[in-house]
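Encoded as structure tokens, the structure appears first; notes follow it.
Values below: all heavy atoms of this structure, side chains included; hydrogens, waters and symmetry mates excluded.
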Amino acid sequence: MTPEQTSEQDRGASTGPAPLPECPTFLVRPADPHDVPELLRLVRALAHYEKDPEAAVATPEQFTRALFPADGAPVASAHVAVLPDGPVVGMALWFTTFSTWTGQPGIWLEDLFVDPDARGGGIGTALLSELAATCVERGWTRLEWTVLDWNAPSIAFYRSHGAHPLDDWTTFRVDGDALTRLATA
């Protein structure tokens, strides 16, 4: 997909690369093993934006094993947005889910992030569109994700594309010591 950039509602604080030139094009494509360092850079930038930079501890080896395993199927997938001169400026990292209610797979979007200086040009929209097209092409019924309640720019962006919050659902997580205790219960 090589859409011309269009207006988008996800402008944020600038900490990334230099601003984009006026009206460049970009390419959204599946990530490849050479993109792992850039994926990690974007994940760390997202963790910083979400005020939890110490939590992003994944290594290149872990990402490579998850996305591009030597044996077996990947446990996650990623798409990147790339400018014509090569820099990766956005990513969508996702994995397949399964709905017992519909009997169909879907996509869980773990992370969507666009370099702050590259926002507003259609990159986030193109990444979301690519995942929606994957769902539609495969007959999958859902594209889902979470967003922090305080992240008003992202919430507005997602709503502008027809997403709606599931107000009656609360995300739960078990990790750390609680995960270890539960494993031995």
Side-chain angles (χ1 to χ4, degrees), residues 1 10 16 26-83 86-115 118-119 123-148 151 154 157-158 161 163 165-166 169-176 178-180 182-183:
M1 171 185 279
D10 60 349
F26 56 88
L27 171 70
V28 170
R29 62 168 172 75
D32 65 44
H34 297 99
D35 295 319
V36 167
E38 287 298 293
L39 289 168
L40 283 167
R41 178 185 66 77
L42 291 167
V43 166
R44 289 185 178 107
L46 174 61
H48 182 75
Y49 174 76
E50 291 183 349
K51 302 174 177 84
D52 199 8
E54 298 81 28
V57 297
T59 66
E61 296 78 19
Q62 290 170 320
F63 262 51
T64 299
R65 277 194 308 272
L67 297 168
F68 311 105
D71 296 318
V75 296
S77 299
H79 282 77
V80 292
V82 183
L83 295 180
V88 172
V89 293
M91 62 113 187
L93 202 143
W94 58 277
F95 53 88
T96 305
T97 62
F98 181 77
S99 168
T100 57
W101 289 21
T102 67
Q104 295 293 321
I107 285 178
W108 182 266
L109 174 58
E110 182 65 17
D111 287 326
L112 174 73
F113 190 76
V114 176
D115 277 327
R119 294 179 185 167
I123 293 171
T125 298
L127 287 162
L128 266 184
S129 178
E130 186 68 22
L131 298 187
T134 298
C135 287
V136 170
E137 289 165 8
R138 296 178 185 183
W140 296 355
T141 56
R142 295 179 178 169
L143 170 57
E144 300 176 295
W145 60 90
T146 59
V147 62
L148 291 167
N151 194 346
S154 292
F157 170 70
Y158 295 137
H161 291 294
L166 301 177
W169 295 82
T170 301
T171 302
F172 281 82
R173 175 181 293 161
V174 177
D175 59 7
L179 182 65
T180 303
L182 183 58

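- Sorted by first and then second residue, the side chain to side chain donor-acceptor pair (under 3.5 Å) pairs involving residues 52-63 (not counting sequence neighbours) are T59-E61, T59-Q62.
- Shown here for S154 and V147, the closest heavy-atom pair between the two residues is CB-CG2, 3.9 Å.
- A donor-acceptor contact under 3.5 angstrom links the side chains of T141 and T102, judged on distance only.
- Between T125 and H161 the shortest heavy-atom distance is OG1-NE2, 2.9 Å.
- Annotation: the span from E130 atom CD to E137 atom CD amounts to 7.5 Å, rounded to 0.5 Å.
- Atom CG of D32 sits about 9.0 Å away from atom CG of L39, to the nearest 0.5 Å.
- Atom CZ of F113 is separated from atom CZ of R44 by 13.0 Å, given to the nearest 0.5 angstrom.
- R142 forms no cation-pi arrangement with F98, by the criterion of a distance under 6.0 Å to the ring centre and an angle within 45° of the ring axis.
- Summarising the geometry of L127 relative to A81, their closest heavy-atom pair is CD2-N, 4.2 Å, with the distance given to 0.1 Å.
- Looking at E144 and L166, their side chains come closer than 4.5 Å, going by heavy atoms from C-beta outward.
- Atom CG in N151 sits 7.5 Å away from atom OH in Y158 (nearest 0.5 Å).
- Using a 4.5 Å cut-off on side-chain heavy atoms (C-beta onward), L40 and F63 make contact.
- In terms of heavy-atom proximity, A76 sits nearest to L93 at CB-CD2, 4.1 Å.
- Taking 4.5 Å as the limit, some side-chain heavy atom of V80 sits within range of a side-chain heavy atom of R29.
- Atom CZ of R138 sits about 6.5 Å away from atom CD1 of I107, to the nearest 0.5 Å.
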Subject >> side chain to side chain contact (heavy atoms under 4.5 Å, CB included) between L109 and L128, intermediate numbers included >> reply: CA-CA 9 Å; L109 174 58; L128 266 184; 3.9 Å; yes
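- Looking at every heavy atom in both residues, L67 comes nearest to P74 through O-CB, 3.5 Å.
- The backbone N or O of P60 sits less than 3.5 Å from a side-chain atom of T64, completing a donor-acceptor pair.
- The side-chain heavy atoms of T134 and L143, taken from C-beta on, include no pair separated by under 4.5 Å.
- Considering only heavy atoms from C-beta on, W145 stays 4.5 Å or farther from L112 through its side chain.
- Shown here for P37 and P33, the closest heavy-atom pair between the two residues is CD-O, 4.4 Å.
- Under the rule for a side chain to side chain contact (heavy atoms under 4.5 Å, CB included), the partners of T97 that lie at least two apart in sequence or sit in another chain are F95, W108.
- Taken from CG in D115 to CZ in R41, the straight-line distance is 4.0 Å, to the nearest 0.5 Å.
- Classification of the W94-W140 ring pair by plane angle, with boundaries at 30° and 60°, yields perpendicular.
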